[in-house]
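Quick caveat, the model's predicted, so the values are computed rather than measured. For this chain, numbers begin at 1 and follow the sequence in order.
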Amino acid sequence: MANKLRHSWSISIKLWLAMTLLILAVLGGLGLTITWLFGDFYLQQKLVSLRTEATEISTQLASIPSWSERLSLLETLKLTSGTQLVLLDPRGNILVKAGSISITPQGPHGGLSLPLGGVFGGWSRNPRLADFFTEDYLARVLSGQTISIEALQVNSGGQTMLLAATPVGTNPVQGVVLLESSPIPIQESIATFRWLIFYASLIAILLATMVSLIFARQVTRPLALMQRGAKRMAKGDFLPIQGVTSNDEIGALAESLNSMGESLKNYMEWLSQEKNLLQGIVESISDAVVMLSSDGLILYANDSAKALWQENEVELQERKTQIVNFLQTMTHNDEQSESNKTFALGTQILQVVMAPMAETEGIRGHVAVLHDVTASLRAEKARREFLASVTHELRTPLHLIQGYLEAIQDNVIPEHQQGEHIELVIEEAKRLARLVKDLQDINWLERGQSLQRVSINLENFMSDIDQRFQGRAQELGLKLEVSTGSGELFADPDRLLQVFINLLDNAMSHTPSGKSVRVFLVQVEELDQVQFAVQDEGEGIPKEALFYIFDSFFRVNKARCRKDGGMGLGLAIVRQIVEAHGGTIKVESDMGKGTTFWIALPRNPS
């Protein structure tokens, strides 16, 4: 509504209204003034004319002694158009009427026998003389005065008559010459003049509209161009204003706007370059960067920071609130100096460094850098655990080997029992060899050594697995079910066989006698994948251990039982081999029901 109102009262309309009102005021005032002056001037001139004419007729009549000659003279008189002559005796009786009707003598004194009245040309009714020429006027004329009056009708009112009266003769006055004229023609002329003024005003308004629109266009077009140019500049478009060619103040204003736009453009480009440079630097930082206002609100956060409280582009409000609350606490505790603290966010450990953004008027806000030290702490923990695990795994068999050999050397063990203990030493040596081999395998896989990929016939491969493990399954009293397969898989057969050896060894070790262990594969044609599964009916894996099951030296059995726990490297090697083939591995387990390992491998990796 406000825009419509401003548009309806634009400069063009204001100019048009101003010129129209000015012309109406001038023409209206001029018309009223001219009408009033014209009407008054015409009436006065008419009265003077009637008075002069009445005086001339009275002089002529006074010079003639005989009434008959006077009547003859009246017949020859030519009165002004629209004028009527009435000759009265000293008593006010009408003797003769001339002008619009013929002269008709009547009565013993030469008077008229017609009643007072008659038809006046152009009048709207038949007025009586007594309505206009009263006894007071008659008395003044009989006293020798010549009068001219603008008289209203006495009885009914509303109609005006112009009169001029003069005496005939003196001492005594023999009669009165009365000339009458109606002002209706004057009034009609005035009305016609008013209509002319009205039509002239309409024409003037039309001309004023055209002139004002042309003038307003010439004046407002540059202003409109500058207005649109200013709006473009406000939106960031700094193209120069075109179309303003005048050399006056408006042209100077357009040049100033263009100069200002060029300056703003250069300044905005500089700011944009500085912003892009700064943003590129901040975004390239792997650490999370957060800028807080003085009120503790987030003003800016790079992608690394957003990743802390977003998951699949969905904001996790609880994590964000936790981070913001911690940062606000740091700003309150250390407002003037840099601070460094550690913050635990779920399973992540963040090292937070915060510094104030100081300005002349005070602290505007704070900048916080959040460095994720989880991996380094976890790596350090893994390194310590690795050293502890390797030390433990090496120390135990070495102590046993050393102890048995020293006992044999010192003849502590009887000779007939030495063979049995030598076998134990050999088993421990084999265990050390397996540990070293597993460590070599992990190191080989982590260094990204290339696989020896060949085309594997899945039917032969599954048959080989069945033959390798049926004997052990029978020894443990287990039922081994290996499904047949078809097709081919491009992979390293030795490494792939090692995967199934490790998985089946774990499955059979944790499955009670009388239960089943199954190996089957699924062809996923739409994904061009082959999926393997190794399923047992053992005790299962606790839910809290599933996340760490593929870590090196991790054992579900924390007691490190040599019989049940192994060395904790088998599943780590399995994951490394599967991922080296470009595949994935996951585990599903229910306590008391069993565990299933799913392996998905691409049929033909690129």
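Of the possible donor and acceptor atoms, one in the side chain of Asp536 sits under 3.5 Å from a partner among the backbone N and O of Thr595. Judged by distance alone, with hydrogens and angles left aside, the side-chain atoms of Gln351 form no donor-acceptor pair with the main-chain N or O of His371 at under 3.5 Å. In terms of modelled atom types and a separation under 3.5 Å, the side chain of Ser259 and the main chain of Glu255 share no donor-acceptor contact. Side chain of Asn258 to main chain of Pro240: no donor-acceptor pair is present (N/O by atom type, distance under 3.5 Å, no hydrogens or angles). Side-chain atoms of Asn276 come within 3.5 Å of backbone N or O of Ser272 as a donor-acceptor pair. Remark: side-chain polar atoms of Asp466 are not paired, donor with acceptor, to backbone N or O of Met462 under 3.5 angstrom. Between the side chain of Asn325 and the backbone N or O of Thr321 there is at least one donor-acceptor pair closer than 3.5 Å. Between the side chain of His581 and the backbone N or O of Arg453, no donor-acceptor pair lies under 3.5 Å.
Within 6.0 Å of the CD atom in Glu274, the count of heavy atoms belonging to other residues, nucleotides or ligands exceeds 12. In this structure, Lys515 places its NZ atom where only 12 or fewer heavy-atom neighbours from other residues, nucleotides or ligands lie under 6.0 Å away.
Classification of the Trp598-Phe520 ring pair by plane angle, with boundaries at 30° and 60°, yields perpendicular.
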Step-by-step ring-ring contact (aromatic ring centres under 6.0 Å, His included) determination, Phe500 to Phe469: CA-CA 10 Å; Phe500 283 94; Phe469 288 92; 8.9 Å; no
Verdict with reasoning, Gln523 to Val530, per side-chain contact (heavy atoms from CB on, under 4.5 Å): CA-CA 5 Å; Gln523 302 281 355; Val530 177; 3.7 Å; yes
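Counting only N and O atoms by type, the side chains of Arg495 and Gln498 include a donor and acceptor under 3.5 Å apart.
Shown are Leu571, Val574, Val578; of these, the side-chain contact (heavy atoms from CB on, under 4.5 Å) with Phe597 is made only by Leu571.
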